[in-house]
There are 2 protein chains.
Amino acid sequence: MMATLNDVAAVAGVSPTTVSRVINNYGSLSEKTKTKVFAAMRELNYAPNNLARSLSGKKTQLVGLIFPSVSNPFFGELVATLENTLFAAGYKTILCNSANNADKERAYLRMLAANQVDGIITSTHNLGITEYQKIALPIVAFDRNLAPTIPIVSSDNYQGGRIAAEALVSQGCRHIVMLVSSAETPEPTNDRQRAYADVLQQHHLTPQVTPLGFTTDVSVKRLTIRTLLQDDPTIDGVFCSDDLTALLVLEEAEQLGRKVPADLKIIGYDGTPFMQAYHPELATIQQPFNALGQLLIATLTACIDGRPPKVLAPLPVQLRPGRTLTLDWA
Amino acid sequence: MMATLNDVAAVAGVSPTTVSRVINNYGSLSEKTKTKVFAAMRELNYAPNNLARSLSGKKTQLVGLIFPSVSNPFFGELVATLENTLFAAGYKTILCNSANNADKERAYLRMLAANQVDGIITSTHNLGITEYQKIALPIVAFDRNLAPTIPIVSSDNYQGGRIAAEALVSQGCRHIVMLVSSAETPEPTNDRQRAYADVLQQHHLTPQVTPLGFTTDVSVKRLTIRTLLQDDPTIDGVFCSDDLTALLVLEEAEQLGRKVPADLKIIGYDGTPFMQAYHPELATIQQPFNALGQLLIATLTACIDGRPPKVLAPLPVQLRPGRTLTLDWA
DNA sequence: ATGAAAGCGCTAACAG
DNA sequence: CTGTTAGCGCTTTCAT
């Protein structure tokens with residue numbers, strides 16, 4: 001039913017080779033034949049079959065994106081950027097929501113390999129390093145240590161942590177707590193909390209880190225936050241490792257009657273365009289989304305083309321002021 | 001470098017057919033050979049090539065998702081649900097962010113066809129109906145009229161509009177405006193505004209619909225909302241056709257010193273889990289996400305299997321109360 | 001400037 | 001229970 005290259009050849013009265021040549025704009029063709037072939041293609045409403053094309057040696061131009069879930073606006077934003085950039089570069093995106101689940105992630109990896117993707121960009125890591133080592137595919141990680149050989153793209157987490165902590169200190173906070181997802185694994189994002197601890201120590205303040213858990217239910221997070229705030233009225237600053245948590249803190253604080261920023265100052269992390277648009281009041285550390293997306297893909301294509309990247313410098317972040325930190329920020 | 005089925009056959013000392021049989025668990029095999037083949041597969045770290053498999057007649061198990069952008073939490077949520085459900089059903093997801101751009105959408109359609117996807121789920125429609133008619137692929141639309149032949153899955157927009165409008169009226173609002181994306185095209189979602197108009201008329205109130213534009217910049221939307229509110233202090237109720245807009249109204253209203261819900265009552269639309277978690281104060285009409293996802297995919301697989309669906313009834317929606325509508329909603 | 005032929009990795013009759 | 005033989009639709013030497 002669907003017209004094939006051979007059909008086109010037949011209609012145009014040329015060989016399949018010739019049709020292939022005009023499709024790929026390859027070798028030398030007379031204008032005459034070109035015209036004939038194009039006409040035939042149009043007539044048959046011909047569409048090339050990428051499967052066949054790839055089977056016979058061409059790249060699939062398929063890239064797998066493994067992220068926790070696009071239901072999280074942060075990843076949604078990032079994935080959207082990546083997909084756009086990939087599309088512009090002629091790649092198609094296979095979406096994989098790992099849900100931070102090891103089995104699913106393993107299954108995705110297998111599936112992507114089976115589908116002959118040209119490369120993978122990932123930001124989950126529930127699998128052992130060895131499992132990643134044995135993947136014979138170009139992989140680039142976002143803010144994750146997957147394996148020593150896998151390039152990492154990230155923004156400057158230490159710097160971001162510093163800026164956030166300094167901002168709270170310089171606004172007069174003396175009891176600053178930091179809320180993180182999970183404190184354990186040695187991930188790049190933990191540099192944020194390392195910087196926070198360093199800054200507080202420099203100012204002779206005591207760091208206090210509370211982990212909320214990455215997959216924890218929001219209602220539970222809320223409760224933890226509320227309890228934390230209630231039990232310790234001396235807390236006057238909160239640094240959250242992501243903006244959504246900061247939102248929770250803001251809401252709970254206001255419900256408890258704490259004035260923000262008078263009694264309590266809050267700063268988040270990520271600074272997505274979404275947050276900027278719908279929660280401009282939130283002070284945050286802004287990651288350079290577009291730059292990250294570009295670099296992620298530049299790195300991946302470099303890997304695909306067999307040009308493994310040199311070490312990648314983390315991209316600069318930036319403080320975005322907001323009402324949760326200072327009253328005069330316009 | 002990558003082991004093929006033939007390699008496995010050679011190592012196992014059987015024919016390719018036999019290997020194919022054990023892979024597909026097809027026909028009858030002796031335990032002995034099965035074991036041999038599995039051993040060989042393991043030894044060679046064999047992974048089947050889906051391209052080849054599909055080329056020789058099998059389905060690709062690939063589904064294309066065309067949505068405006070997963071950077072919008074609403075679509076992010078929906079796409080996440082769809083991807084999860086698809087994965088569970090053995091399908092892989094190709095993500096397409098159309099950005100409501102006709103050229104891109106056309107390119108995506110062509111690309112998906114070239115990649116032999118089994119089907120498409122879409123929620124954009126910048127293309128003419130005829131362009132969709134000529135797609136020889138199973139398509140299901142979410143809340144969109146693409147072509148008479150293309151099944152539409154949606155929740156009950158008219159009912160949702162009714163519930164929202166009734167809620168505002170019964171809370172005593174007398175001057176209720178409705179904010180929509182765009183009022184023109186005859187889409188299913190316009191039933192919301194039809195219902196709104198009907199309800200207001202029944203109560204001898206005057207409907208007033210303000211379009212904000214789907215792709216309009218948020219800052220512009222903000223300005224429009226602020227101006228609207230400022231210019232007409234008699235407005236005491238706002239019905240927004242999506243939750244994000246409702247958020248904007250809430251923020252602008254409070255900045256203008258309008259007390260919500262005392263002076264102004266607000267109700268949104270969509271009710272994503274994200275909104276529920278991070279903005280529980282917002283009253284809204286909740287769409288049944290999971291059910292929509294399930295139905296979308298059930299419908300698509302039905303189309304793929306050549307069982308075109310009967311007419312689909314819209315799924316029921318539900319009022320989710322919140323502080324923006326009534327003070328006592330816990 | 002154009003064609004013939006072999007083959008990418010797998011599946012699917014059709015034998016035996 | 002297992003193997004032989006043709007392709008699927010396209011690309012790519014190698015000829016002409």
Side-chain angles (χ1 to χ4, degrees), chain A residues 1-41 44-62 110-118 136, chain B residues 1-41 44-62 110-118 136:
Chain A
M1 37 154 277
M2 188 124 228
T4 76
L5 179 146
N6 280 291
D7 300 337
V8 176
V11 169
V14 299
S15 79
T17 314
T18 302
V19 178
S20 177
R21 286 209 180 90
V22 357
I23 288 174
N24 297 292
N25 197 32
Y26 188 82
S28 44
L29 305 289
S30 75
E31 278 308 318
K32 214 176 228 166
T33 28
K34 270 196 203 173
T35 323
K36 272 194 304 187
V37 171
F38 280 128
M41 288 182 15
L44 295 175
N45 199 328
Y46 171 74
N49 182 329
N50 277 345
L51 299 186
R53 197 196 279 245
S54 304
L55 221 212
S56 45
K58 294 237 177 239
K59 299 227 157 300
T60 53
Q61 300 290 103
L62 242 26
R110 204 191 313 288
M111 178 275 272
L112 291 174
N115 281 278
Q116 315 299 121
V117 297
D118 290 345
Chain B
M1 37 156 279
M2 189 124 228
T4 75
L5 180 146
N6 279 290
D7 301 337
V8 176
V11 169
V14 298
S15 78
T17 314
T18 303
V19 178
S20 176
R21 286 209 180 92
V22 357
I23 288 173
N24 297 292
N25 197 29
Y26 186 82
S28 41
L29 303 293
S30 75
E31 278 308 317
K32 215 177 227 165
T33 28
K34 271 194 199 171
T35 323
K36 273 195 304 187
V37 171
F38 279 129
M41 289 182 17
L44 296 174
N45 201 329
Y46 171 74
N49 182 330
N50 277 345
L51 300 185
R53 198 197 279 245
S54 305
L55 223 212
S56 42
K58 293 242 181 235
K59 300 227 156 301
T60 54
Q61 301 288 107
L62 241 26
R110 205 191 312 289
M111 179 276 273
L112 291 173
N115 281 279
Q116 316 297 121
V117 297
D118 290 343

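Below, chains carry the letters A, B, ... as their sequence lines are ordered, and counting in each starts from 1. These values consider heavy atoms only, across backbone and side chains, with no hydrogens, waters or symmetry-generated copies. Since we're looking at a predicted model, the values are computed, not measured.
- Distances shorter than 4.0 Å separate none of the side-chain N or O atoms of Tyr26(A) from OP1 or OP2 on dC10(D).
- Between Ser20(A) and the phosphate of dT11(D), there is a side-chain N or O to OP1/OP2 separation shorter than 4.0 Å.
- Considering only side-chain N and O atoms, Ser15(B) lies under 4.0 angstrom from the phosphate OP1 or OP2 of dG3(D).
- Comparing Ser28(B) and Thr17(A) along DNA chain D, the residue whose closest nucleotide (by nearest heavy atom) sits nearer the 5' end is Ser28(B).
- Between dC14(C), dC8(C), dT2(C), one nucleotide has an atom nearer to the side chain of Arg21(A) than all others, and that is dT2(C).
- The CG atom of Asn50(B) sits 14 Å away from the P atom of dG9(C) (whole-angstrom rounding).
- Distance Asn6(B) CG to dG3(D) P: 13 Å, rounded to the nearest Å.
- Protein atom CG of Leu5(B) is 15 Å distant from nucleotide atom C1' of dC8(D), rounded to whole Å.
- At whole-Å resolution of the value, CD in Glu31(B) and P in dT2(D) are 10 Å apart.
- Residue Val14(B) is classed as a sugar-phosphate contact, given heavy-atom separations below 4.0 Å to backbone atoms only.
- Atom CE of Met2(B) and atom C1' of dC8(C) are 15 Å apart (whole Å).
- Taking the side chain as every heavy atom from C-beta outward, Asn24(A) and Lys58(A) approach each other to under 4.5 Å.
- The shortest distance between the side-chain N/O atoms of Thr33(A) and the OP1/OP2 oxygens of dT2(C) is below 4.0 Å.
- Comparing dA1(C), dG7(C), dC10(C) by their nearest atom to the side chain of Ser30(A) picks out dA1(C).
- Formation of a donor-acceptor pair under 3.5 Å by the Ser54(B) side chain with backbone atoms of Asn50(B) is found in this model.
- Between Asn24(B) and the phosphate of dT11(C), there is a side-chain N or O to OP1/OP2 separation shorter than 4.0 Å.
- Distance from the side chain of Lys58(B) is smallest to dT11(C) among dT2(C), dT11(C), dC10(C).
- In this structure, CD1 of Ile23(B) is placed 16 Å from C1' of dT2(D), rounded to the nearest angstrom.
- In this structure, Arg53(A) CZ and Leu5(A) CG are separated by 9.5 Å, a value rounded to the nearest 0.5 Å.
- Going from atom CG of Leu29(B) over to atom P of dT11(C) covers 13 Å, rounded to whole Å.
- Put simply, CG on Asp7(A) and CG on Leu44(A) are 6.5 Å apart, with the number rounded to the nearest 0.5 Å.
- If you measure from atom CG of Asn115(A) to atom C1' of dG9(C), you get 14 Å, rounded to the nearest angstrom.
- To the nearest 0.5 Å, atoms OG1 (Thr18(B)) and CD1 (Ile23(B)) are separated by 11.0 Å.
- Of the candidates dT11(C), dC10(D), dC8(C), the closest approach to any side-chain atom of Leu55(A) belongs to dC8(C).
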